[in-house]
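Worth saying up front: this structure is predicted, and the values here are computed from it rather than measured.
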Amino acid sequence: MTAKISYDDVEVGTELPAQTFSVTRATLVRYAGASGDFNPIHWNERFAKEVGLPDVIAHGMFTMAEAIRVVTDWAGDPGAVVEYGVRFTKPVVVPDDDRGATVEVSGKVAAKLDDNTVRVDLTATSAGQKVLGISRAVVRLA
């Protein structure tokens, strides 16, 4: 696969389609099984509160993975992402109900680089708080 977006069709300031991702306790259990990360802060409310958290929180790497979906869906190819990094700023708190939490992610082309690449800056929030800071991806476009 290759990116479906042409480098020539993108300008600094181009906004990527924003997305909202739902996160429930069931989502966290499935992610724990897939990743092997069974830290009790991600599934045990009593333990999470004992260590000072407000409730069970989503895995940081899960949150990071959901955020990059905005970029991969836009580019049309996950392999187009050549670099990706974030800073974790706040946890995604996941209540024990049928709705869980949501993570809202938006992105914007911040720079056009060499070799048909662009830097995309992402903003990810949950419950009105920024959960990822300095969230950036370098993407090779067509």
Side-chain angles (χ1 to χ4, degrees), residues 1-7 9-113 115-142:
M1 292 177 63
T2 59
K4 293 183 169 86
I5 302 293
S6 170
Y7 180 83
D9 292 339
V10 174
E11 299 299 330
V12 171
T14 298
E15 293 188 16
L16 283 61
Q19 294 188 49
T20 300
F21 303 100
S22 177
V23 186
T24 65
R25 295 277 178 97
T27 308
L28 300 182
V29 170
R30 287 191 299 275
Y31 182 80
S35 69
D37 182 352
F38 292 100
N39 187 323
I41 64 172
H42 303 304
W43 58 270
N44 185 316
E45 184 174 333
R46 179 180 42 80
F47 182 85
K49 289 181 176 181
E50 283 176 2
V51 299
L53 295 169
D55 206 332
V56 165
I57 63 170
H59 303 73
M61 296 303 283
F62 172 81
T63 304
M64 188 177 174
E66 290 291 81
I68 197 64
R69 288 175 56 190
V70 167
V71 175
T72 59
D73 288 355
W74 170 72
D77 178 12
V81 176
V82 295
E83 187 178 314
Y84 178 45
V86 305
R87 180 180 216 186
F88 300 104
T89 55
K90 298 275 185 193
V92 175
V93 178
V94 183
D96 189 14
D97 60 20
D98 293 335
R99 293 177 315 189
T102 57
V103 178
E104 298 87 24
V105 183
S106 61
K108 185 182 290 188
V109 174
K112 289 185 84 168
L113 309 171
D115 197 25
N116 281 15
T117 60
V118 296
R119 189 186 88 218
V120 175
D121 290 353
L122 296 168
T123 301
T125 61
S126 183
Q129 295 193 334
K130 196 171 183 180
V131 295
L132 298 178
I134 311 174
S135 181
R136 295 179 175 161
V138 175
V139 185
R140 180 163 288 110
L141 301 178

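- Nearest approach of Leu141 to Tyr7, heavy atoms of both residues: CB-N, 3.8 Å.
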Begin with the C-alpha distance, continue with both residues' side-chain angles, and end with the deciding distance and a verdict on side-chain contact (heavy atoms from CB on, under 4.5 Å) for Arg25 and Asp55. CA-CA 11 Å; Arg25 295 277 178 97; Asp55 206 332; 2.7 Å; yes
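- Between Ser135 and Val86, the shortest heavy-atom distance links the atoms OG-CG1, 3.3 Å.
- Residues Lys108 and Asp121 fail the side-chain proximity criterion, which asks for heavy atoms closer than 4.5 Å.
- For the pair Val92 and Phe21, the minimum side-chain heavy-atom distance is 4.5 Å or more.
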Using the rule given for side-chain contact (heavy atoms from CB on, under 4.5 Å), can you reason through Leu132 versus Leu122, listing the C-alpha separation, both sets of side-chain angles and the distance that settles it, and then say yes or no? CA-CA 8 Å; Leu132 298 178; Leu122 296 168; over 6 Å; no
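- For the pairing with Val71, the side-chain contact (heavy atoms from CB on, under 4.5 Å) check across Val138, Val81, Val105 returns one residue only, Val81.
- Ile57 contributes atom CD1, which lies 8.0 Å from atom CG of Asn39 (distance to the nearest 0.5 angstrom).
- You'll find the side chain of Val103 reaches within 4.5 Å of the side chain of Val23, heavy atoms only.
- Between the side chain of Thr24 and the backbone N or O of Thr27, at least one donor-acceptor pair lies under 3.5 Å.
- Rounding to the nearest 0.5 Å places CG of Asp77 at 6.5 Å from OG1 of Thr2.
- The line from CD of Glu104 to CD of Glu66 is 12.0 Å long, rounded to the nearest 0.5 Å.
- Side-chain N or O atoms of Ser126 include one that pairs as donor or acceptor with a backbone N or O of Thr102 at under 3.5 Å.
- Within the 4.5 Å cutoff, the side chain of Asp37 has no heavy atoms near those of the Met61 side chain.
- Rounded to the nearest 0.5 angstrom, Glu45 CD and Leu53 CG are separated by 11.5 Å.
- Classified by interplanar angle (parallel below 30°, tilted 30° to 60°, perpendicular above 60°), the ring pair Tyr31/Phe62 is perpendicular.
- Closest non-hydrogen pair, Leu28 versus Ala58, comes out as CD2-CA, 3.6 Å.
- Contact detail for Pro78 and Thr72: the closest heavy-atom pair is CA-CG2, 3.6 Å.
- Checking each of Ile5, Val109, Leu113 against Val118 for a side-chain contact (heavy atoms from CB on, under 4.5 Å) leaves exactly one that passes, namely Val109.
- Side-chain N or O atoms of Asp97 include one that pairs as donor or acceptor with a backbone N or O of Arg99 at under 3.5 Å.
- Looking only at distances, no side-chain donor or acceptor of Trp74 sits under 3.5 Å from a matching main-chain atom of Pro17.
- Here the closest non-hydrogen pair linking Lys130 and Lys90 is O-CG, 3.3 Å.
- For Val139 against Ala75, the heavy-atom pair with the smallest separation is CG1-CB, 4.0 Å.
- With rounding to the nearest 0.5 Å, the separation of CD in Glu11 from NZ in Lys112 is 4.5 Å.
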